[in-house]
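Structure first, then comments.
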Amino acid sequence: MDTPGHPVIVLDFGAQYSKLIARRVREAKVFSLIEPYSIPAARLKALQPAGIIFSGGPASVHAPGSPLPDPAIFEIGVPILGICYGVQLMAQMLGGKVERAAEREYGVAWLEHDDDDGLLDGVDARTQVWMSHGDRVTALPPGFEVIGRTANSPYAAVADSARRLYGVQFHPEVVHTPQGKRILSNFVHAICGCPADWDMGSFVDRAVTDIRDHVGAKRVLCALSGGVDSSVTAMLIHRAVGAQLNCVFVNNGLLRKGEAELVQRVFRDHFHVNLDYVDAEDRFLARLSGVTDPEQKRKIIGKEFIKVFEEEARRLGHMDILAQGTLYPDVIESVSATGGPSATIKSHHNVGGLPEKMRLELLEPLRELFKDEVRALGCELGLPEEIVGRHPFPGPGLGVRCVGAITRERLETLREADAIFIDEIKKSGLYGDIWQALVCLLPVRSVGVQGDERTYEEVCSLRAVTSEDAMTADWFRFPPEVLQRVANRICNEVKHINRVLYDISSKPPSTIEWE
Ligand code: XMP
């Protein structure tokens with residue numbers, strides 16, 4: 001897909017903040033991309049950047065093998081902003097000096113400056129900034145001058161305005177630098193000359209044109225799960241090529257209450273998308289019968305999904321293209337300087353592997369977007385809040401929340417309890433504050449009393465977490481009365497549950513899902 005206008009490119013030197021820098025640039029309505037630090041200057045130039053930002057990174061410029069960009073990048077002739085490690089690199093490569101500081105500087109500092117027509121234009125003369133560095137610049141390269149200093153960093157902000165090279169020792173992209181947005185905005189708008197014209201409306205227009213060019217007269221197949229990413233992918237492609245898109249929605253019997261109905265109502269009835277609804281509940285439950293091992297469950301569900309999907313695709317006739325809701329973080333994970341292979345904690349079930357197996361061309365119209373941008377795009381395309389605002393729901397669905405044996409009856413119990421939990425969260429106005437909320441049915445029974453009767457029934461555990469990206473998570477602090485209402489309703493309304501627990505483990509060491 002073509003990129004709009006001229007992007008500002010963030011070179012990733014292994015900083016946890018690279019994605020945040022790209023987001024901040026997009027928030028300033030300028031399109032931005034992240035590229036690995038090792039990209040050759042010629043390739044970078046071919047992307048026609050309006051400007052370049054060197055991210056921070058954990059390395060020291062003095063360490064052997066520290067990540068260095070192609071020196072020819074300085075000859076491309078567009079403005080460059082170096083952040084933290086990025087400014088140290090610039091100093092080192094352009095003839096200045098970088099030394100190890102006696103002590104690592106970490107935390108809040110106060111920047112003082114009198115730069116009123118450059119990078120710091122409009123920023124308070126004394127403003128809070130966030131520092132996190134070990135090395136520091138001790139001599140500037142020729143052509144550079146100091147434009148801002150802190151008590152510990154005499155070269156906290158530097159510039160060579162003739163060559164349009166800038167550097168800051170602090171992190172303008174984090175919230176602890178309250179005027180950081182202004183600094184990044186000065187860089188992309190005033191210095192790089194980018195107009196503030198990147199928004200979802202312009203994204204849709206361009207994406208629709210690109211998809212039409214790409215698809216031509218071909219047929220597109222899309223696995224629609226009802227989750228945000230596949231829903232937005234489907235809507236965008238539908239907007240572009242209408243009836244050439246065929247969506248397949250597989251009911252694996254592990255869905256939440258009302259899920260299959262919602263997807264059909266929205267996509268088929270409201271938007272008139274070609275939707276193929278496959279009721280495969282019996283097949284999945286037969287395969288899962290007697291299986292209690294989490295990994296085995298995931299593998300069975302994943303394999304069966306691919307089988308069902310392939311059968312449906314064959315039934316629908318010849319398809320040329322498979323659409324997938326791959327997002328930008330997945331794309332950069334595989335190219336970033338730090339994105340090495342990490343241990344597999346759980347085998348994720350997605351449609352990965354399908355395109356090679358089915359020999360279909362891939363179409364990934366969201367591959368340049370972050371999750372919150374995908375939600376904004378969904379709204380722009382008219383999808384209801386029920387879909388764009390929803391929590392993630394894993395591919396193996398209730399299968400990995402029905403801990404222990406999966407039976408139709410236990411799934412029904414879990415589905416009812418889950419619906420009550422989500423309903424009460426929505427009623428209390430907390431749904432949007434929570435990353436993900438779920439109920440697990442445990443393989444344990446406990447004694448209770450209902451009326452005058454002794455009961456011996458199932459136990460469920462509620463889980464609600466806050467998170468930025470699902471890599472780490474913390475348990476959500478509910479007002480006790482919400483938990484009380486949920487527990488009362490579940491015990492009263494769900495036939496086979498007589499005990500409700502609240503899970504207060506964080507990730508790590510626990511994961512979000514139980515299995
Ligand atoms: P864990 O349980 O590993 O989950 O902390 C992190 C996030 O990933 C979701 N998840 C999945 N998503 N297919 C998916 O598409 C899967 O197999 C899968 N397993 C876990 C989980 O719900 C959470 O948001």
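We count residues from 1, following the sequence as given.
The pair Asp282-Arg408 meets the salt-bridge criterion, since a charged nitrogen lies less than 4.0 angstrom from a carboxylate oxygen. A salt bridge links Asp229 with Lys371: the closest approach of a Lys/Arg side-chain nitrogen to an acidic carboxylate oxygen falls below 4.0 angstrom. Taking 4.0 Å as the cut-off between side-chain N and carboxylate O, Glu513 and Arg401 count as a salt-bridged pair. Electrostatic pairing of Arg23 and Glu173 does not count as a salt bridge here, judged by no charged N lying under 4.0 Å from a carboxylate O. For Arg256 and Asp418, the salt-bridge test passes: some basic side-chain N is under 4.0 Å from an acidic carboxylate O. Between Asp293 and Lys297, no side-chain nitrogen of the basic residue sits less than 4.0 Å from a carboxylate oxygen of the acidic one, so the salt-bridge criterion is not met. Taking the charged nitrogens against the carboxylate oxygens, Glu304 and Arg287 do have a contact shorter than 4.0 Å, which makes a salt bridge. Taking 4.0 Å as the cut-off between side-chain N and carboxylate O, Glu386 and Arg390 do not count as a salt-bridged pair. Salt bridge absent: Lys507 and Asp474 never bring a charged side-chain N and a carboxylate O closer than 4.0 Å. Ion pairing between a basic and an acidic side chain is recognised when a charged N comes within 4.0 Å of a carboxylate O; Arg415 and Glu412 show such pairing.
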Problem set entry | Test side-chain contact (heavy atoms from CB on, under 4.5 Å) applied to Leu81 and Leu119, step by step | CA-CA 9 Å; Leu81 171 65; Leu119 189 67; 4.0 Å; yes
Exercise. Going through the checks in order, is the ring pair (Phe, Tyr, Trp, His ring centres under 6.0 Å) test met by Phe54 and Tyr85?
Worked result: CA-CA 8 Å; Phe54 291 173; Tyr85 175 78; 9.1 Å; no
Exercise. Between His238 and Phe271, does a ring pair (Phe, Tyr, Trp, His ring centres under 6.0 Å) hold up when you go through it step by step?
Worked result: CA-CA 9 Å; His238 182 255; Phe271 287 111; 7.5 Å; no
For this session: Start with the C-alpha gap between Ile52 and Val8, add the side-chain angles, then the distance that decides, and say whether side-chain contact (heavy atoms from CB on, under 4.5 Å) holds.
Result: CA-CA 6 Å; Ile52 298 168; Val8 167; over 6 Å; no
Exercise. How far apart are the C-alpha atoms of Lys427 and Asp423, what are their side-chain angles, what is the distance that settles it, and do they pass the salt bridge (charged side-chain N to carboxylate O under 4.0 Å, His left out) test?
Worked result: CA-CA 6 Å; Lys427 278 189 188 145; Asp423 180 48; 3.0 Å; yes
Exercise. Under the side-chain contact (heavy atoms from CB on, under 4.5 Å) criterion, do Ile434 and Ile425 qualify, and how do the steps go?
Worked result: CA-CA 9 Å; Ile434 295 171; Ile425 290 176; 3.9 Å; yes
Exercise. Do Glu310 and Lys307 pass the salt bridge (charged side-chain N to carboxylate O under 4.0 Å, His left out) test, and can you show the C-alpha distance, the side-chain angles, and the key distance before you say yes or no?
Worked result: CA-CA 5 Å; Glu310 279 178 333; Lys307 265 196 183 157; over 6 Å; no
Problem set entry | Val158 and Tyr166: CA distance, side-chain angles, deciding distance, side-chain contact (heavy atoms from CB on, under 4.5 Å) verdict | CA-CA 6 Å; Val158 299; Tyr166 300 82; over 6 Å; no
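Considering CD of Glu259 and CD of Gln264, their distance stands at 11.0 Å, rounded to 0.5 Å. Of the inter-residue distances, the one linking Ser231 atom OG with Leu262 atom CG reads 8.5 Å to the nearest 0.5 angstrom. Here CG of Leu224 is found 4.5 Å from OG of Ser230. Values are rounded to the nearest 0.5 Å. Separating the CG atom in Asp160 from the CG atom in Leu94 is a distance of 8.5 Å, to the nearest 0.5 Å. To the nearest 0.5 Å, atom CE of residue Met235 and atom CD1 of residue Ile387 are 9.5 Å apart.
In this structure, Phe31 and Trp198 have tilted ring planes: the angle between them lies in the 30° to 60° band. Between Phe309 and Phe305, the ring planes are parallel. Angles under 30° get that label, and only those over 60° would be called perpendicular.
Counting heavy atoms from C-beta on, the side chains of Ile80 and Arg163 never come closer than 4.5 Å. Counting only heavy atoms from C-beta outward, the side chains of Pro392 and Trp435 approach each other to under 4.5 Å.
Residues forming a side chain to side chain contact (heavy atoms under 4.5 Å, CB included) with Glu312 (at least two apart in sequence, or on another chain): Val248, Asp276, Val278, Arg315.
In summary, the side chains of Ser202 and Asp199 do present a donor paired with an acceptor at a separation below 3.5 Å, with no hydrogens or angles considered.
Residues in residues 375-395 take part in these ring pair (Phe, Tyr, Trp, His ring centres under 6.0 Å) pairs, two or more places apart or across chains: His391-Tyr431.
The side chain to side chain contact (heavy atoms under 4.5 Å, CB included) test with Arg219 singles out one residue from Val241, Leu245, Asn246, and that residue is Asn246.
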